[in-house]
Every structure is written in structure tokens, then in C-alpha cells.
Amino acid sequence: MKKYGVNELRRMFLEFFESKGHLAMKSFSLVPHNDNSLLLINSGMAPLKPYFTGQEIPPRRRVTTCQKCIRTGDIENVGKTARHGTFFEMLGNFSFGDYFKDEAIHWSWEFLTETVGLDPDRLYPSIYQDDDEAFNIWNKEIGIAPERIFRFGKEDNFWEHGAGPCGPCSEIYYDRGEKYGCGKPGCTVGCDCDRYMEVWNNVFSQFNNDGHGNYTDLIQKNIDTGMGLERLACVMQGVDNLFLVDTIQNIMKHISQITGVEYGKNEKSDVSLRVITDHIRSTTFMIGDGVLPSNEGKGYVLRRLLRRAARHGRLLGYNEPFLYKVCDTVIKENLTAYPELKEKQEFITKVIKVEEESFAKTIDQGFKMLNGIMDSEDVKVLSGEDAFKLNDTYGFPIDLTKEILSEKGIKVDVERFRELMKEQKKRSRDARKNAGADAWISDTTDLSDVANTEFVGYTDLKSTSKVLAIVKDGVRVDSIGEGENAIIVLDKTPFYGEGGGQVGDTGVMESGSFSADVDNTTKNPSGTIYL
Ligand code: SER
């Protein structure tokens, strides 16, 4: 078997499906477009949903992609095991009302056995329990013996992820050999152990789930396939786990070089190396797609990943910001498929560095507090107040606090924490509402280059405007993240600024995927309007 690299396998897959009449499209952004059901793109089909449902016309009815994906459901296990990761790339070929089961199954087999040359005797298909059509294709057309075809129920062989297109599926497992097995009697395809690894998923996407478990037929029958690129690389390179495949191993090596800690010497430091390796991949790509650290939504996921990685840097005994350096290797290893990362390199590095530096200022005090709690015999539950202090003063995202304390069996009063967060938000909203323009912008914020705002509200309720300045916590910034508060100055606006007893306008500001609630408006004596 030839040992193909990650970049080579990605190219081979896309070229194979191009040769079958597919249009190879670039990976879509990790940030979903017009899809409130997802925080981040989590599968190859997710950005293509409107093509499956027939809502939008695809550029071609056969499409192939290698899609950046993030899944954080298992984040606590990332690092602890070698098989969990938050970032992965998913290879996929899609048919929107074009070919169906027959071609999909034939091509998956052809790619695995001929193009990359996997041993057919090590491959086992599974099908949805009563899908005799798929059974017959595997058995009669491909020639797989009936006892090698496994029938599984809805839990294993019906693919759906919340709301949207879904359907029964047929997967392909690769037998990695006895040494990966659990050795238990009955260990076979479908066993939880590491021996039989699912590499390919052919989903026969023919239903739509409304998100509440109600299924309706889609207007067309589709194919949605998915194969984890890193998984395929593990198989092809004969390595145990995703952290050992070529490009990812190079990222880990860079971390080892900086921290002086080698992989494979000690289980505890291996956990930290895996956490950092995985999280620097996800965060580099997230920032590349425009996500910024914040306390809510995607920004919170990003902050949590970066701070979790920073903590593991400390656990390796490395006390300086360093993640921003490792992102160079992530970019370098992924350049062929994602050349745009190069253009954004400086920006990505800056965002990571600022976040690391800001956490570095408080991380030691936060650890002191947490260690005190963990050393005390009496604490079984951390109070909401302490969790709030760790978050607000020391920058420990609640989930990080929970994770660290769970290592000692200590729980956190999350409900009280959430109440305190809500109260804090209300306090800051009220403070802004009740204060005049002076309290909005401090004396030290230099807005001398900003022209006075043209007020167009006497004739218009909407306007297309240019952002002249963004001020956050008294400082001029270039951008803000999801869930963050800031003051925005525009060249013109229909929002009336509070003054002389009148009330400031409220409303919405939008641009592309950006949207902000304007909860008050004020103006300074010279006529600059602050939103
Ligand atoms: N949607 C399926 C999956 O994610 C196949 O692409 O496995």
C-alpha cells in the first residue's frame, strides 16, 4: 500500500470525482451562511443544504468538496484520547437529484480499492437494516459475500444532524488488523474498539427532518457522502491516530520544538500536546474565516479553544505565549488547499497573540484560585460567584473552569453563574442607557479624524452607511467579535441620538453576515452620533 500524504489524498479524491463529472468546489467557510441551526459547519453537506432541499439551484448537479469542519461536542475528550479532535476535513461527493445509490456505491468502492489501493478483503460495507437495494448493489454488482455486509439500525445507519436533509446510509469499514482489536468474542464490524474503522459514509439523502423528528420526502433523491480526510490518511499511512499523520505531526513537532517536550514520552504531556495540536488547527481556520474571540456564540467557542490550549501550554511548563507561532505551521501545511490562509497570516497571528497575551495576564492568579479550591477538602461544588469571578476577573471561560475542576470531582453551580452573567449584562446596558454622550466615549479616545455624522432620519428610516470608527472599552479597534458591545460611528445614519431629554433610537445594523442590535444612540455636542 502506498503511503499518500494528506495533501495528496485530498487532491486524489477531488480529481477522481472530477473525472466522474463532478464540479470540484472550494471548501465553504466554517461560518454557516443563512443557517441558524448550526454554530459552525460540522459536515461536508451542511453548507450545501439548500441544494439538497431544492431551495437553490446548484452550479452543477454533481459536486465534490473537501470541507473544513468543526465539532466541539466531545471537546473534553480531545487530548485525553488520540481519536478525538475538534477540527477535521471531510471529503465528499454529492448528487442533487442526479445519480443515486448505484453510482455512489460503485464509486466509493472504486476510489478505495483502485485509486488509493486499499485491500478489498479488509473492507466491509454496512447498510441500513431493510435497505435491500443497497444490499443487492454490494452483493450482486460489487461481489461482496452476504456475510461481509452488515445490517445496522437507525442509530448507526441513518444519517442526520439536527434539522435538514437526511436518510439511510451505507458505510464502509476498514479492518486495521487484530492488534487494534479488543479481543472480545464477537468483536466484528460495529464493535466499539479501534479495529474496524468507518472510513466512508454514503448517505442516501431523501428526507427532510424539521428538527422535531418529523420527516417529509425531499423533492428529489440526493447523495451525500463523507469521508474524514485525516482518517483516510491514518489508514493509508499505517499510523494509529490522526495526530501521527504527516501534516498534523508536523504541527505537533513545532509545538515540541518550542516547548521542549517530545511526544510519546509521558501520557500526561501527550494529552497536552494533542490538545494544543488539535486546537491550534481549529482556531487558525476559525479566525481565517472571520471568527474573533468573544464571550458568546462562535467567538466563545474560539476563546474556549484558545484558552484551553494555552492552559495546556502551562501544563507543559511553557509560560510564554506561543500558539501564535504554531499557527505558521498550520498555515504552511495547508497551503495547497487553503492558499487564502497565507494572505490572512498576519491577522490570524495577531488575533491569537492578543488573546494569549490577555489570558497570560490573569492565568496565574486564576490558577492560584483554582488550586486553592482543588486543595481544599471541603469544596464539592464551586459557587456561581467564584465561577463568575474566575470568568470575569481571570478570563477563565466557564467550560474551562468546569473541566479543570471535574478532574478533581468538583462541580460548578452553573445556574447561579448564568444568573450573575445576566445581571452583569443588564447593568452595563443600563449604565449606557442612563448616561449621556460623555459617559460613552472617554476623554482619552481620540476621534479627531472622524467627521460629524450626517443625520438622515428626518427623511429615511434606513441608510447605507460607512463605518468611520469602532470603540470598545474606550479604545479604537478595527473589529469586534460576536456578542461584544461597542460604539460605532457612521458617516450618516437615520438613528436619532439622545440629547436634551429625548430618547435615543434603537434598531439594527447589518452588513453581509454581520448583524448588530443598536440598543441606544447618543450624540456629542459637536454632532457626532454614537450607536
Ligand atoms: N453527512 C454525512 C456525514 O457527515 C456524509 O457526508 O457523515
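Nothing here was measured: the structure is a model prediction, and the numbers come from that model. Order of appearance sets the numbers: ligands from 1, and atoms from 1 within every ligand.
Of all atoms in ligand 1, listed by their number and element, those nearer than 4.0 Å to a heavy atom of Gly226 are 5 (C), 6 (O). Below 4.0 Å from some heavy atom of Arg71 lie the following atoms of ligand 1, by number and element: 4 (O). Those atoms of ligand 1 with a heavy atom of Val203 less than 4.0 angstrom away are 2 (C), 5 (C). Residue-ligand proximity, Ser43 to ligand 1, at heavy-atom distances under 4.0 Å covers atoms 4 (O).
Applying the side chain to side chain donor-acceptor pair (under 3.5 Å) rule to pairs touching residues 184-194 yields Arg83-Asp194, sequence neighbours excluded.
For atom 6 (O) of ligand 1, the closest heavy atom belonging to the protein is Asp224 OD1, 2.6 Å. Among protein heavy atoms, atom 3 (C) of ligand 1 sits closest to Trp159 NE1, 3.2 Å.
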Sequence neighbours left out, cut at 3.5 Å: what donor-acceptor pairs do the side chains of residues 223-236 make with other protein atoms?
unit_1	atom_1	unit_2	atom_2	d
Thr225	OG1	Asn93	N	2.8
Thr225	OG1	Asn93	O	3.3
Thr225	OG1	Asn93	OD1	2.6
Glu230	OE1	Glu89	N	3.2
Glu230	OE2	Glu89	N	3.0
Glu230	OE2	Arg281	NH2	2.9
Arg231	NH1	Glu198	O	2.7

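Below 3.5 Å of separation, one finds an N or O of Asn201 facing an N or O of ligand 1. Between Met45 and ligand 1, no N or O atom pair is found at a separation short of 3.5 Å.
Ligand 1 is never approached by Met227 to a heavy-atom distance shorter than 4.0 Å.
When only modelled atom types and interatomic distance are considered, Arg274 and Ser269 share no side-chain donor-acceptor pair under 3.5 Å. Ser282 and His279 are not linked by any side-chain donor-acceptor pair at a separation below 3.5 angstrom, with hydrogens and angles left out of the test. Defined by atom type and a distance below 3.5 Å, a donor-acceptor pair is missing between the side-chain atoms of Tyr128 and Glu133.
Counting heavy atoms under 4.0 Å from ligand 1, residue Glu198 does not touch it at all. With a 4.0 Å cut-off on non-hydrogen atoms, His161 does not touch ligand 1 at all.
Phe94 and Phe96 have parallel rings, their planes meeting at less than 30° on a 0 to 90° scale where 60° marks the start of perpendicular.
Side chain of Ser256 to main chain of Val261: a donor-acceptor pair is present (N/O by atom type, distance under 3.5 Å, no hydrogens or angles).
Using a cut-off of 4.0 Å between Lys/Arg side-chain N and Asp/Glu carboxylate O, Arg151 and Asp156 are scored as not salt-bridged.
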